[in-house]
Amino acid sequence: GTQTLFTLCDRTSPVSGTQTLFTLCDRTSPVSGTQTLFTLCDRTSPVSGTQTLFTHYRGHRTGRVPPRQLHWPAGRGRRRLPALRAAERPGTGSWSGAMAGQRRPGVTGPGRRLGPSLPLLVWSAVCLCLCRGGGALGSDNGLARTPVMGWLHWERFLCNTDCRADPHNCISERLYMQMADVMAAEGWKEAGYEYVCIDDCWLAPTRDPQHRLQADPRRFPGGIKRLADYVHSKGLKLGIYQDVGTHTCAGYPGSLGHYQLDADTFAQWGVDLLKFDGCNFITLDQLIDGYRNMSVALNQTGRHIVYSCEWPFYLWPYVQPNYTDIRIHCNQWRNYGDISDSWGSLAHIIDWTAAHQSTLVPVAGPGGWNDPDMLIIGNFGLSTEQQMTQMALWAVMAAPLLMSNDLRLIDPRSKSLLQNRYVIAINQDPLGVQGQRVSKQGNFELWSRPLSGGGFAYAVVNRAEIGGPQKFSVVMFGLDEGKACQERCLVTQILPTFQFRGIKALTSVVELWVNPTGTVLFTVFPHSPQPQLQIQHGSTH
């Protein structure tokens, strides 16, 4: 559906020998009716090799697509997605039929002229591409080199705004200050949890006279700037929430039409992370462009702000997301619906992630992570075994560790699990490779993650929900086709209890007993019985 009119190339690509700097095209989007005239690109992305600098549009659909509630599998929570008309849904209707009879502005047929202003626009774009200086766009911002760790209010505290009836738990500056106090005083910061994150319902119902966002004055009397200063004084960082559409999921003002203004506001307040939701968008093109535009806007502020997106989650009902594009712009991204405080919800997320791992795993790495949602450890819905399963798999999946619980009241066992330094070390491993499910045998699943130093982390999950502990035998030469233990290796059990399992040979068998809905987490590292002494230039290494 694209007619390429003009392409400027530079022969530097190691793959094709061509570096595309600039493409002029004419296409009409079947979803939004938007006609793209040209896209300017720079081949610098570590994932796709392409970083989009900007796209110029001519023509757009007017009118709003009315929203409706979609029915999700268990575990998908409060999100509301707009419905596409039948002709706009992938796999339904006809694209050509949907566009039949629509006349695009300025298009007069095969011999059409592009208009007097386009040559200047084209030349300006070429000059920008050839002459622009440095500066990173999208997720190339140096942040989230390992998965983000912190606390987020949503699952535990929801949209509780009644501070008169429930002052201890309502969404207010008091709640976040108290969480910051606990995180600084009780070992959370030292364990690596550094972000105190606000979710929905912090806003006032309207913007201020200058169209800037403002916090609810009764619940945040000091404003977000004072709250950020307080959190920073504890050696922590502040996260905040907004939405790509007209309103947030709870109905507060969204960022549509104000992306740069909102980004500048967050930077002026001292915000360190933005969770950007996707409720109440108008068209798919607006959703996608909104996420891209906020990415650029955040970077233009000059402040280091981690960008947490929900972009792919809102695309999955309609089209498969372009994860290459998403990774270019976001530091982490949600793929599935909100987690709730139950084993069923957690199990759905685990199963969905495993079913889509061939798509998800290749795009994850330093600077950009798949986010399976909040840790619900320390709440009410999970058993001890199920809590260990979430912690172990979030570590293996290189997932952001964002707790949603009440740190003021958390029980010692849950606190010990969340602060387990060995599990956290797996999650934060600098190699940055996301693990995946490598086998499924009866009730058992085996998950594997490569680690730096030639090691591997493994999680053996017992999906049975009845009976007692069951035995799972691990043959060392069968782990990752013999890569984990090539000759001799050190096996260390991390969960449910820390235990050295000894030095194993390639033919050794390790027997593990795993409780129903529980997990045994262990690592395998190469072992050299006689470390070599290397002397180089008079130095001993």
Side-chain angles (χ1 to χ4, degrees), residues 75 77-79 149-189 191 193-205 213-234 236-243 248-252 269 271 273 275 277 279 308 337-342 345-346 373-382 387 390 400-415 417-419:
R78 60 194 167 97
R79 314 301 189 188
M149 297 176 62
W151 179 89
L152 177 66
H153 94 242
W154 182 258
E155 197 286 328
R156 179 61 181 261
F157 296 94
L158 299 172
C159 190
N160 179 3
T161 59
D162 190 350
C163 291
R164 176 174 298 180
D166 192 9
H168 192 63
N169 298 304
C170 68
I171 307 307
S172 66
E173 65 180 20
R174 174 184 175 183
L175 177 67
Y176 303 102
M177 289 178 176
Q178 290 180 347
M179 292 302 167
D181 290 341
V182 174
M183 289 176 67
E186 298 186 10
W188 298 102
K189 182 174 66 173
Y193 297 93
E194 61 175 341
Y195 288 88
V196 179
C197 297
I198 306 169
D199 208 283
D200 205 345
C201 304
W202 64 274
L203 283 155
L213 295 171
Q214 54 185 343
D216 184 281
R218 294 174 300 170
R219 294 181 286 117
F220 295 84
I224 300 301
K225 177 66 168 66
R226 188 178 78 170
L227 177 58
D229 291 343
Y230 186 86
V231 170
H232 294 158
S233 74
K234 300 293 180 178
L236 301 167
K237 297 178 180 179
L238 183 71
I240 207 165
Y241 169 98
Q242 242 303 323
D243 192 281
T248 72
C249 297
Y252 293 89
W269 286 345
V271 167
L273 179 149
K275 176 182 175 181
D277 214 333
C279 285
S308 176
D338 288 356
I339 196 170
S340 60
D341 192 11
S342 72
S345 174
L346 175 59
D373 209 7
M374 298 161 279
L375 292 169
I376 51 174
I377 297 166
N379 290 324
F380 310 100
L382 298 184
Q387 290 187 18
Q390 185 183 27
L401 301 182
L402 288 171
M403 308 174 290
S404 190
N405 48 25
D406 193 339
L407 297 178
R408 303 166 299 186
L409 304 173
I410 194 167
D411 64 280
R413 180 178 291 178
S414 298
K415 179 180 179 181
L417 176 60
L418 287 165
Q419 292 187 1

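Just so we're clear, the structure is a prediction, and the values are computed from it rather than from any experiment. Computed from heavy atoms alone, side chains included, the values below leave out hydrogens, waters and symmetry copies. The first residue in the sequence is number 1, and the count goes up from there.
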A.B. asks: I would like to know whether Ile224 and Leu213 meet side chain to side chain contact (heavy atoms under 4.5 Å, CB included); could you show each step before the answer?
C.D. replies: CA-CA 10 Å; Ile224 300 301; Leu213 295 171; over 6 Å; no
A.B. asks: What distance do Cys197 atom SG and Leu273 atom CG have between them, rounded to the nearest 0.5 Å?
C.D. replies: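 It is 5.0 Å, given to the nearest 0.5 Å.
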A.B. asks: Return yes if some donor-acceptor pair links the side-chain N/O of Asn405 with the main-chain N/O of Gly378 below 3.5 Å, else return no.
C.D. replies: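 The answer is no, because no donor-acceptor pair under 3.5 Å joins these two groups.
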A.B. asks: Between Lys189 (side chain only) and Lys234 (backbone N and O only), is there a donor and an acceptor less than 3.5 Å apart?
C.D. replies: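 Between the backbone of Lys234 and the side chain of Lys189 there is a qualifying donor-acceptor contact (under 3.5 Å).
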A.B. asks: According to side chain to side chain contact (heavy atoms under 4.5 Å, CB included), who are the partners of Asn160, at least two apart in sequence or on a separate chain?
C.D. replies: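 Asn160 satisfies side chain to side chain contact (heavy atoms under 4.5 Å, CB included) with Asp162, Asp166, Asn169, Cys170 once adjacent residues are dropped.
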A.B. asks: Which distance, rounded to the nearest 0.5 Å, do you find between the CE of Met177 and the CG of Leu175?
C.D. replies: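 Here the interatomic distance stands at 11.0 Å.
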A.B. asks: Using the side chain to side chain donor-acceptor pair (under 3.5 Å) criterion, which residues pair with Tyr230? Sequence neighbours excluded.
C.D. replies: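 Side chain to side chain donor-acceptor pair (under 3.5 Å) check on Tyr230 returns Asp181.
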A.B. asks: Just by modelled atom types, is the Leu375 backbone N or O under 3.5 Å from a matching donor or acceptor in the Glu155 side chain?
C.D. replies: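 Judged by distance alone, no pair lies under 3.5 Å.
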A.B. asks: Which pair of heavy atoms, one from Ile171 and one from Cys201, lies closest together, and at what distance?
C.D. replies: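 Where Ile171 meets Cys201 most closely, the heavy atoms are CG2-O, 4.0 Å.
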A.B. asks: Not counting sequence neighbours, which residues clear side chain to side chain contact (heavy atoms under 4.5 Å, CB included) with Asp243? List them please.
C.D. replies: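 Per chain and number, Asp243 pairs via side chain to side chain contact (heavy atoms under 4.5 Å, CB included) with Tyr241, Thr248, Cys249, Asp277, Cys279.
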A.B. asks: Does Cys159 reach the side chain of Trp154, with side-chain heavy atoms less than 4.5 Å apart?
C.D. replies: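 Of all side-chain heavy-atom pairs linking Trp154 with Cys159, at least one is under 4.5 Å.
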A.B. asks: Tell me every residue that passes side chain to side chain contact (heavy atoms under 4.5 Å, CB included) with Ser414, counting only those two or more places apart in sequence or in another chain.
C.D. replies: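 So Ser414 forms a side chain to side chain contact (heavy atoms under 4.5 Å, CB included) with Ile377, Gln387, Ile410, Asp411.
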A.B. asks: Between Leu236 and Met183, does the side chain to side chain contact (heavy atoms under 4.5 Å, CB included) criterion hold? Intermediate values first, please.
C.D. replies: CA-CA 8 Å; Leu236 301 167; Met183 289 176 67; 3.9 Å; yes
A.B. asks: Treating Tyr193 as the side-chain partner and Met403 as the backbone partner, does any N or O pair qualify as donor plus acceptor under 3.5 Å?
C.D. replies: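 No; zero donor-acceptor contacts below 3.5 Å.
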A.B. asks: Using modelled atom types and a 3.5 Å cut-off, is there a donor and acceptor pairing between side-chain atoms of Ser404 and backbone atoms of Arg156?
C.D. replies: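 Pair found, side chain donor or acceptor close to backbone of Arg156.
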A.B. asks: For Gln178, give me all partners under side chain to side chain donor-acceptor pair (under 3.5 Å), at least two apart in sequence or on another chain.
C.D. replies: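 Gln178: side chain to side chain donor-acceptor pair (under 3.5 Å) contacts with Arg408.
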A.B. asks: Closest approach of His153 and Asp200, non-hydrogen atoms and distance?
C.D. replies: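 Shortest heavy-atom contact: CE1-O, 3.2 Å.
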A.B. asks: Backbone N or O of Lys237 within a donor-acceptor pair of the His232 side chain at under 3.5 Å?
C.D. replies: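 Looks like no, no N/O pair under 3.5 Å.
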A.B. asks: Please check if the side chain of Asn379 supplies one atom and the backbone of Asp341 the other of a donor-acceptor pair under 3.5 Å.
C.D. replies: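 No, Asn379 side chain to Asp341 backbone: no donor-acceptor pair under 3.5 Å.
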A.B. asks: Measuring from atom CG of Leu227 to atom CG of Leu238, what distance do you get when rounded to the nearest 0.5 angstrom?
C.D. replies: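 Between atom CG of Leu227 and atom CG of Leu238 there are 5.0 Å.
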A.B. asks: Listed by chain and number, what are the side chain to side chain contact (heavy atoms under 4.5 Å, CB included) partners of Gln214, not counting sequence neighbours?
C.D. replies: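 In terms of side chain to side chain contact (heavy atoms under 4.5 Å, CB included), with neighbours along the sequence ignored, Gln214 is linked to Ala204, Thr206, Asp208.
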A.B. asks: If you compare all heavy atoms of Pro167 against all heavy atoms of Arg174, which two are closest, and at what distance to 0.1 Å?
C.D. replies: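 Heavy-atom minimum between the residues: O-NH1, 3.7 Å.
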A.B. asks: So which heavy atom on Glu173 is nearest to which on Gly222, and how close?
C.D. replies: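 Smallest interatomic distance, heavy atoms only, reads OE1-N, 3.3 Å.
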A.B. asks: Do the rings of Tyr176 and Phe220 sit parallel, tilted or perpendicular, given the 30° and 60° boundaries?
C.D. replies: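 It falls in the parallel class, under 30°.
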A.B. asks: How far does CD of Gln390 sit from CG of Leu401, to the nearest 0.5 angstrom?
C.D. replies: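 With rounding to 0.5 Å, CD (Gln390) is 9.0 Å from CG (Leu401).
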A.B. asks: If I compare all heavy atoms of Ser345 with all of Ser342, which pair ends up nearest, and what's the gap?
C.D. replies: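 Distance-wise, the nearest heavy atoms are N-OG, 3.1 Å.
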A.B. asks: Let's go through Asp406 and Phe157 carefully: what are the C-alpha distance in whole Å and the side-chain angles of both, what is the deciding distance for side chain to side chain contact (heavy atoms under 4.5 Å, CB included) to 0.1 Å, and is it a yes or a no?
C.D. replies: CA-CA 9 Å; Asp406 193 339; Phe157 296 94; 3.9 Å; yes
A.B. asks: Between Thr161 and Arg219, is the side chain to side chain contact (heavy atoms under 4.5 Å, CB included) condition met? List the steps.
C.D. replies: CA-CA 8 Å; Thr161 59; Arg219 294 181 286 117; 3.7 Å; yes
A.B. asks: If you look at every heavy atom in Trp188 and Leu418, which pair is closest and at what distance?
C.D. replies: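 The answer is CZ3-CB, 3.6 Å.
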